[in-house]
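Inspection log for the structure reproduced underneath, given as structure tokens.
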Amino acid sequence: MFKKIMAMEKTNQSEATEQKTEKTPASTVKKAAPARRTRRPAAVSAAAEPAAASAPISLDDPSLYINRDISWIEFDRKVLETAMDPSIPLLNRVLFLSIFFNNLDEFFMVRVMNVQRQARMGAEPTGPDKMAPAKQMSEIRRKVSEIVEVAENLWINTLKPALDKNNIRIVKYSTLPAAQKETLNLFFNEDILPVLTPQAVDKGRPFPMISNTSLNFVMELQATTPNAPVKTRFARLKCPNNVPRFLFVSNKDNSVTPDLSYATSDGVIVLSEDVIGNCLDTLFPGYKVTSQGLFRITRNTDGEIEEDEADDLLSAVRDYVEQRRFGSVVRLEIERGMPQRLQDFLYSHLDMLPSQVYRCRIPLAFSEFGRLMKEDRPSLKYPADHPKMLKAFDSDHCCFDEIRKHDIMVYHPYDSFNCVLEFLKQAARDPNVVAIKQTLYRAGSDSPVAKYLLEARRRGKQVTAVVELKARFDEEQNINWAEEMERNGVNVVYGFAGLKIHAKLCFVVRREKDKLARYTHIGSGNYNAASAKIYTDLGLFTSNKAINDDVQDLFNVMTGYGLVKKYRELLVSPHTLRPQITALIQREIEQHKKHGNGHIIIKCNQLVDFEMVKVLYEASRAGVKVECIVRGICSLRPGVPGVSETITVRSIVGRLLEHARVYYFHNNGEEEMYFGSADLMTRNLNGRIEVLTPILEERLRKNIMNQIIEPQLKDNIHAWVMHSDGSYTKLNPKKGEKAYDSQEEIVRKLNLMKK
């Protein structure tokens with residue numbers, strides 16, 4: 001159906017002619033500058049009107065929905081093209097490229113195995129787009145191969161030469177002078193060799209289990225003694241993850257420094273695997289390494305936690321984390337040029353299909369190259385940030401007195417995350433505070449939030465931590481914090497079997513004038529001080545009675561038993577958020593029918609839930625203006641005649657990672673705005689505890705609209721506009737148009753407490 005619609009659009013001959021001269025997105029991304037411009041499908045033509053007069057398109061039509069995995073690849077393409085942007089500082093471009101490869105790792109770990117299984121089984125399509133799994137795998141392979149080739153060319157032809165020109169030289173061991181080789185050999189013998197474990201592969205020693213995303217050598221060995229019973233053998237060697245990847249070698253004294261923060265322009269960088277590869281013979285006395293190659297596998301990490309069968313959730317998650325290290329192999333990466341005998345050896349032992357093998361022209365595990373940001377080269381990075389600290393959270397102020405006067409909103413990292421930490425610190429140390437309740441999803445390895453909770457407990461307060469053990473890739477850290485807090489008397493709750501707790505809540509109870517007062521912080525981001533420096537997130541501090549009643553009820557649900565069918569102000573999944581968001585959209589439809597001014601704005605990370613997309617299509621059919629700012633996956637097709645003509649979708653991919661979620665409804669001038677932790681994904685709406693809170697003060701709503709939302713809708717530097725076919729165009733200022741960078745504009749004007 002979608003193809004038929006697009007075919008009708010092409011009846012506009014002039015625009016169709018222009019389309020024929022335009023390159024495809026694939027060819028454009030290979031050759032173009034970062035400001036890639038893919039022509040938008042032609043606007044609705046007069047020829048399309050008869051179709052609109054006939055029976056309307058069914059909103060269940062699969063052609064109206066974009067496959068979520070294909071959409072995800074398009075998101076990572078935007079990250080890659082950001083790395084291609086020459087206006088971005090050099091080391092930040094390398095960082096974006098490493099993020100691109102890290103995203104690909106997670107994509108294969110989380111998404112691909114399930115599609116592979118369905119394809120092998122010949123399973124029926126499950127998503128609303130109805131793309132067959134075999135077709136989906138073919139498209140994934142094609143698109144990933146395409147963008148990886150672009151990424152490799154970017155490193156080989158642009159970024160690495162640019163680093164060389166700026167005296168950040170990554171060189172091969174074989175090109176070094178003898179003196180530097182000697183110091184590296186000494187470093188190898190003293191600091192690397194003792195932790196290496198070569199593993200032979202023969203009849204008595206089977207091929208070892210290869211851990212997920214580890215860097216490994218495969219080798220063919222030839223005996224050097226004439227009486228050896230077997231002349232040719234194979235072996236594997238893992239590059240330990242506790243050996244520094246980047247070694248700085250001074251040109252002055254040839255010293256080796258495994259810390260890039262001490263690197264200078266007078267030296268070179270050598271990869272540790274390059275050093276190991278040139279010293280392999282040391283590991284096999286009596287044998288010579290005749291051929292070698294590096295490889296890396298990606299395993300499926302999207303396994304099931306056997307929650308229902310476990311005695312407790314903690315043990316189930318601990319078992320799952322251990323098993324995940326050795327999930328099914330999804331992808332094999334090998335360095336290009338690996339001898340065929342070694343390739344065949346790997347294929348036979350890993351049971352790989354050709355479609356799962358990717359040959360790489362650049363260093364494997366490129367996601368680790370973001371560590372080059374440790375180099376002390378400020379001229380090659382974005383200028384340092386200077387987050388604002390609100391006066392309400394000065395250490396000599398009582399923040400509770402300020403919150404009691406009015407709600408306070410912050411927008412990290414423009415507003416310092418220290419506002420949240422000061423709120424917690426004062427709660428921990430204030431003798432009038434009697435209890436603190438906190439959710440923790442991704443606390444981080446060195447969490448000041450967890451430390452303040454521990455301090456509060458030592459000071460005799462009642463402290464409850466609702467720790468989500470199932471936060472993917474952060475399970476071990478969360479387990480460690482949970483166990484430490486339990487040992488120190490914190491009441492730790494692990495949440496629910498089959499339901500993740502993703503809400504961001506901190507609830508403080510304080511004794512004031514012989515009665516208990518309550519204060520809440522609600523956020524859109526994790527209580528993680530490290531990620532708060534690069535993730536944009538909103539936070540609300542409030543003493544509002546209705547909101548505090550809701551948060552109190554929700555904590556009781558999370559720690560005990562109960563089902564709250566209706567909250568006073570909060571929208572809470574899995575029970576009330578979906579129906580209430582749906583009702584708000586439907587109300588906007590009715591208001592538009594009466595007044596003609598319907599307007600919805602959605603800012604989120606992912607927009608893929610079938611029912612949510614469907615109701616937004618219904619709003620567009622009614623004429624409601626729908627503006628979406630979606631950073632990542634989007635299954636909705638904007639601009640489809642008769643379905644989504646009033647819907648626009650844009651994505652902001654810039655220096656900071658857009659993470660806040662905001663939902664705005666015009667409501668005929670009686671505006672409502674919500675923010676919180678929930679994206680419009682089925683998992684968020686059905687399988688998690690999420691919270692959206694209304695922003696009740698008109699001043700705060702207007703400031704968020706004027707200072708955050710409107711700048712992002714005007715952005716022509718970091719904005720990508722989505723088209724009906726799922727492709728994106730990166731915006732550039734038009735001739736005579738002023739450049740508008742929303743993130744810079746927010747830095748300049750942000751003051752959410754402005755009167």
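Hydrogens, waters and symmetry mates play no part in the numbers below; they use all other heavy atoms, side chains included. These numbers come from a predicted model, not from an experiment.
A donor atom on one side chain and an acceptor atom on the other are not found under 3.5 Å apart for Ser742 and Gln712. Side-chain contact annotation: Tyr567 with Glu569, donor-acceptor N/O pair under 3.5 Å absent. Under the 3.5 Å distance criterion, with hydrogens and angles disregarded, a donor-acceptor pair is assigned to the side chains of Asn103 and Asp76. Side-chain atoms of Ser261 and Asp259 include a donor-acceptor pair closer than 3.5 Å. With hydrogens and angles left out, the side-chain atoms of Asp537 and His412 include no donor and acceptor closer than 3.5 Å. Neither side chain, Ser367 nor Asn102, offers a donor N or O lying under 3.5 Å from an acceptor on the other.
Contact of the Gln707 side chain with the Glu745 side chain is not registered, since no non-hydrogen atoms from C-beta on lie closer than 4.5 Å. Counting heavy atoms from C-beta outward, Asp609 and Met681 have side chains that stay 4.5 Å or more apart. With contacts defined as side-chain heavy-atom distances shorter than 4.5 Å, the pair Leu657/Arg631 qualifies. Side-chain contact between Thr520 and Val508: absent, with no pair of heavy atoms (C-beta onward) separated by less than 4.5 Å. Taking 4.5 Å as the limit, some side-chain heavy atom of Leu750 sits within range of a side-chain heavy atom of Ile708. Two residues are said to be in side-chain contact when any heavy atoms from C-beta on lie closer than 4.5 Å; Phe96 and Arg93 fail this criterion.
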Under the criterion side chain to side chain donor-acceptor pair (under 3.5 Å), I'd like the reasoning laid out for Asn686 against Arg578: C-alpha separation, chi angles, the key distance, then a yes or no. CA-CA 8 Å; Asn686 295 355; Arg578 178 191 289 278; 3.1 Å; yes

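Only one option out of Phe400, Phe541, Phe423, Phe417 pairs with Phe393 in a ring pair (Phe, Tyr, Trp, His ring centres under 6.0 Å); it is Phe541. With Leu554 as the fixed residue, the side-chain contact (heavy atoms from CB on, under 4.5 Å) test singles out one of Val466, Val564, Asp549, Ile689: Ile689.
Classification of Arg688 and Asp679 as a salt-bridged pair fails, no side-chain N sitting under 4.0 Å from a carboxylate O. The existence of a salt bridge linking Lys603 and Glu658 is confirmed by a sub-4.0 Å separation between a basic side-chain nitrogen and an acidic carboxylate oxygen. Salt bridge Asp446/Lys451: present, at least one basic N to carboxylate O contact under 4.0 Å. In summary, Arg655 and Asp385 engage in a salt bridge, as defined by a charged side-chain N under 4.0 Å from a carboxylate O. Using a cut-off of 4.0 Å between Lys/Arg side-chain N and Asp/Glu carboxylate O, Glu455 and Arg459 are scored as salt-bridged.
Side chain of Ser651 to backbone of Trp720: no donor-acceptor contact under 3.5 angstrom is found. Judged by distance alone, with hydrogens and angles left aside, the side-chain atoms of Asp550 form a donor-acceptor pair with the main-chain N or O of Leu570 at under 3.5 Å.
Taking the salt bridge (charged side-chain N to carboxylate O under 4.0 Å, His left out) definition, one finds that Asp401 meets it with Arg404, sequence neighbours left out.
Close placement of the His521 and Tyr527 rings is indicated, their centers lying within 6.0 Å of each other.
In this structure, Phe366 and Phe369 have parallel ring planes: the angle between them is below the 30° cut-off, well short of the 60° mark.
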